[in-house]
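Comments concern the structure below.
This structure is a prediction, so every number in the text was calculated from the model and none was measured. In what follows, chains carry the letters A, B, and so on, assigned in the order in which the sequence lines appear, proteins first and then strands, with residues in each chain numbered from 1.
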Amino acid sequence: MTIADDIYLYNSLSRQKEKFVPLREGFVGIYVCGPTVYGHSHVGHAKSYVSFDVIVKWFRFVGYKVRYVQNITDVGHLLGDDGEGEDRILKTARLEQIEPMEVAQSYARSYYEDMDALGVDRPNIAPTATGHIPEQIELIKALIAKGHAYEVNGSVYFDVSSFEGYGKLSGRRNVDEMEPGTRVQVRSEKRHPSDFALWKKADPNHLMRWNSPWGWGFPGWHIECSAMSMKYLGETFDIHGGGMDNQFPHHECEIAQSEAATGKPFVRYWLHNNLVTVNGQKMSKSLGNFTTIKDLLKKYAPTVLRFFILQSHYRSTLDFSDGAIAAAKAGLEKLVETYRRLRESPVGTGAIDLDAYKAKFHAAMNDDFNAPQAIALLFELSRDINVAIDKGGLREPEKSNALAFYDAYAKGVLGIIPKESLQPSSNPLPKVMELVLDIRQEARARKDFATSDRIRDRLKEAGIEVKDGKDGATWRIVG
RNA sequence: GGCGCGGUAGCCAAGUGGUAAGGCAAGGGUCUGCAAAACCCUCAUUCGUCGGUUCGAUUCCGACCCGCGCCUCCA
């Protein structure tokens, strides 16, 4: 049995852990709901996308070929009541007095900047809603043809009562029992309050609209994910991920649309990450209690944010505070310090059971991607290594294997140890050279040229050339 | 009200039917001219409350209390 054959994940649909069996051997198709691009991303987005990044990295690590699809919502996402609400993108465009597409593209760029900084691998396919209008129209036509949707006044709605399985993801089956009060459809063109928009009619002054069999309009929010996921992953695919807050209604509606249209199961495993909270409350744009990724990265390294996120399980809430992230920073530095120490330590006689650590790491990740447990293991390993270094160093091949372990797991799968090129400021050489040259200058000042020449010669042997100029010595690495 | 999740040390946070990972903080120590850094050691007889099942529960079941999420947009 290989590692890849023993992955268990928590399926929100069945509400239990299930063994992962891919649709096609060796291949994983995964779709994760991407951001609606009308503002900068915050720590909550970071948790979601870092979590799925680690999941994808783990699948790849154990040998799967992964096709990761993540959409960009650039139209159709309405504010407030879905009959009257304004499109989020349009609202921002109006406020900033720019084109809607300018809003969408500039915030999409901002999103990818943040994800790149965080070391999140780009999805293989990143489709936009506006780029898939024809696909969405086709899907809606199919739903009307099968009697699952109806047109009213240039808008099209999904008929929830026509789909038996509505509610199987969220447990919300009896839609009639939903609290009145919260959301009363006083004068709706919908036949039932739970019916949801597939296509919305748009007036001529609407900035984002397309022609369709039902006139000019724009697609509803849910339909894009069905159209695009099935286009790129097939009518049935392995994994669909997203935030828990999208479980209902968004994902419930996706299932209804997709399965009603194809008559086939839509998604085999649903994965939902839990949310970031602030003082116990959800971090969200509407509450205004969010910290953007950009702001946080001004104070902390990207690896600190990743580490902070991965210290809790993806299905648990994570409470954000300055204290919590500062604590994460301190902890991560210890881990990175051990890695650095190990690299520079001499080869000694110390032994270490790396295979045991590997097995435990695999077991942790295979158990519903338990990154916190995997991180705990890294700390235990680090203690072992520090003790060994204090006693004179690890023997070979343990030392090389241990370094490879950090590279593969901490740097690779979890992405919590920085890649050197990403942070040149961590290079101690300039400071070291400053110190060496100061000492050499003192020697020269007291005419101890034997010492100063020795320093220069030895540096040259090390590949560093020193030149004495009028304003002091300069140095450079000789290629 | 309906659906769902959670309550584990000062803080963050894993986990298991057999007696609690890891990190931060704190205390002690090694090292050091001093300091800092680094490293090592210690740190929950106890897992919201009360019952039940069990040889045994923090882990399973029930009730209750508290917090949160969704039910209108949100990762």
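Taking atom CZ of residue A:Phe320 and atom P of nucleotide B:rA75, one finds them 18 Å apart after rounding to whole Å. Summarising the geometry, the separation between CG on A:Leu310 and C1' on B:rA14 is reported as 13 Å, rounded to the nearest angstrom. What separates CD of A:Glu333 from C1' of B:rC39 is a distance of 16 Å, to the nearest Å. When the P atom of B:rA14 is taken as reference, atom CD1 of A:Ile309 falls 13 Å away, rounded to whole Å. A:Arg172 has its CZ atom 16 Å from the P atom of B:rG1, to the nearest Å. Between the NE2 atom of A:His251 and the P atom of B:rG69 there is a distance of 19 Å, given to the nearest Å. Taking atom CZ of A:Arg341 as the reference point, atom P of B:rA37 lies 15 Å away to the nearest angstrom. B:rG4 atom P lies 19 Å from atom NZ of A:Lys282, rounded to whole Å.
Residues A:Gln281 and A:Asn289 bring no donor and acceptor atom of their side chains to less than 3.5 Å of each other. For A:Asn273 and A:Arg315, the side-chain atoms include no donor-acceptor pair closer than 3.5 Å. Judged by distance alone, the side chains of A:Lys391 and A:Thr349 never bring a donor and an acceptor atom under 3.5 Å apart. Counted by atom type alone, A:Thr73 and A:Asn71 present one or more donor-acceptor pairs between their side chains at under 3.5 Å.
Across the C1' atoms, B:rG7 and B:rC47 are found 10 Å apart, a figure rounded to whole Å. The P atoms of B:rC43 and B:rU59 are separated by 25 Å, rounded to the nearest whole Å. B:rG48 sits 14 Å from B:rG10 when the P atoms are compared, rounded to a whole Å. Atom name C1', nucleotides B:rU45 and B:rC5: the rounded distance is 30 Å, in whole Å. Comparing B:rC50 with B:rU58, their C1' atoms sit 15 Å apart, to the nearest whole Å. Distance noted for atom P between B:rC41 and B:rU19: 23 Å (whole Å). The same atom, C1', is picked in B:rC11 and in B:rG69; the two are 23 Å apart, to the nearest Å. Taking atom P on both B:rA25 and B:rC39, the two are 11 Å apart, rounded to the nearest angstrom.
Heavy atoms only, all atoms of each residue included: A:Tyr314 and A:His272 are closest at CE1-O, 3.8 Å.
Cation-pi geometry between A:Arg122 and A:Tyr112 is met: under 6.0 angstrom from the ring centre, within 45 degrees of the axis. Taking the ring axis of A:Tyr38 as reference, the NZ or CZ atom of A:Lys285 stays within 45° of it and closer than 6.0 Å to the ring centre.
You'll find that the side chain of A:His313 is closest to B:rA14, out of B:rG69, B:rC40, B:rA14. The A:Asp390 side chain lies nearest to B:rC39 when the options are B:rA13, B:rC39, B:rC70. The side chain of A:Asp319 lies closest to B:rC12 when the candidates are B:rC73, B:rG4, B:rC12.
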Taking protein heavy atoms under 4.0 Å as touching, what does nucleotides 22-28 of chain B look like 5' to 3' if B marks base contact, S marks sugar-phosphate-only contact and - marks none? BSS----

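The residue A:Ser286 sits close to a base: some heavy atom pair falls under 4.0 Å. Residue A:Asn273 is in base contact, counting any heavy-atom pair closer than 4.0 Å across all strands shown. Within 4.0 Å of A:Glu337, counting heavy atoms only, lie sugar-phosphate atoms of the nucleic acid but no base atom. Looking at heavy-atom distances under 4.0 Å, A:Ser41 makes no contact with the nucleic acid at all. Within the nucleic acid shown, A:His250 has no heavy atom closer than 4.0 Å to any nucleic acid atom. Within the nucleic acid shown, A:Ser284 comes within 4.0 Å of at least one base atom, counting heavy atoms only. Residue contacts shown for A:Gly34 are limited to sugar-phosphate atoms, with no base heavy atom under 4.0 Å away. Among the atoms of the strands shown, none is found under 4.0 Å from any heavy atom of A:Val32.
Between A:His42 and A:Phe290, the ring planes lie tilted relative to each other; the angle falls in the 30° to 60° range. The aromatic rings of A:Phe307 and A:Phe379 stand perpendicular to each other, their planes meeting at an angle above 60°, with 30° marking the opposite boundary.
Note on A:Ser316: a side-chain N or O is less than 4.0 Å away from OP1 or OP2 of B:rA14. Taking 4.0 angstrom as the limit, A:Asn274 places none of its side-chain polar atoms (N or O) nearer than this to OP1 or OP2 of B:rG6. Of the side-chain N and O atoms in A:Lys391, none sit less than 4.0 angstrom from OP1 or OP2 of B:rC40. Between A:Asn246 and B:rC70 there is no side-chain polar atom (N or O) within less than 4.0 angstrom of OP1 or OP2.
Taking a 4.0 Å limit (strictly below) on heavy-atom distances, residues 46-56 of chain A reaches RNA chain B at A:Ser48, A:Tyr49.
As the counterpart of B:rA38, B:rU30 is assigned, both hydrogen-bonding distances of the Watson-Crick or G-U wobble pattern falling under 3.5 Å. Base pairing of B:rU54 is not made with any nucleotide, judged by Watson-Crick or G-U wobble geometry with both donor-acceptor distances under 3.5 Å. In a base pair of the Watson-Crick type (N1 to N3 plus N6-O4 or O6-N4) or a G-U wobble (N1-O2 and O6-N3), with each distance short of 3.5 Å, B:rU72 is matched with no nucleotide. Using N1 to N3 plus N6-O4 or O6-N4 for Watson-Crick, or N1-O2 and O6-N3 for G-U wobble, each under 3.5 Å, B:rA44 pairs with nothing. A 3.5 Å limit on both hydrogen-bonding distances identifies no Watson-Crick or G-U partner for B:rU16. Nucleotide B:rU49 forms a Watson-Crick or G-U wobble pair with B:rA63, both donor-acceptor distances falling under 3.5 Å.
Under a 4.0 Å N-O distance rule, the pair A:Lys17/A:Asp368 does not qualify as a salt bridge.
Between A:Phe308 and A:Phe320, some side-chain heavy-atom pair lies under the 4.5 Å cut-off.
Annotation: of the two residues near RNA chain B, A:Leu275 and A:Gly280, the 5′-most nearest-nucleotide partner is A:Gly280. Between A:Ser321 and A:Ser170, the residue anchored closer to the 5' end of RNA chain B is A:Ser170, taking for each the nucleotide with the nearest heavy atom.
At distances below 3.5 Å, not a single donor-acceptor pair connects side-chain atoms of A:Gln247 with backbone N or O atoms of A:Ser170.
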Quick one, A:Glu337 with A:Arg340, criterion salt bridge (Lys or Arg N to Asp or Glu O under 4.0 Å). Give me CA distance, side-chain angles, the key distance, then yes/no. CA-CA 5 Å; A:Glu337 175 61 18; A:Arg340 188 196 62 71; 2.5 Å; yes

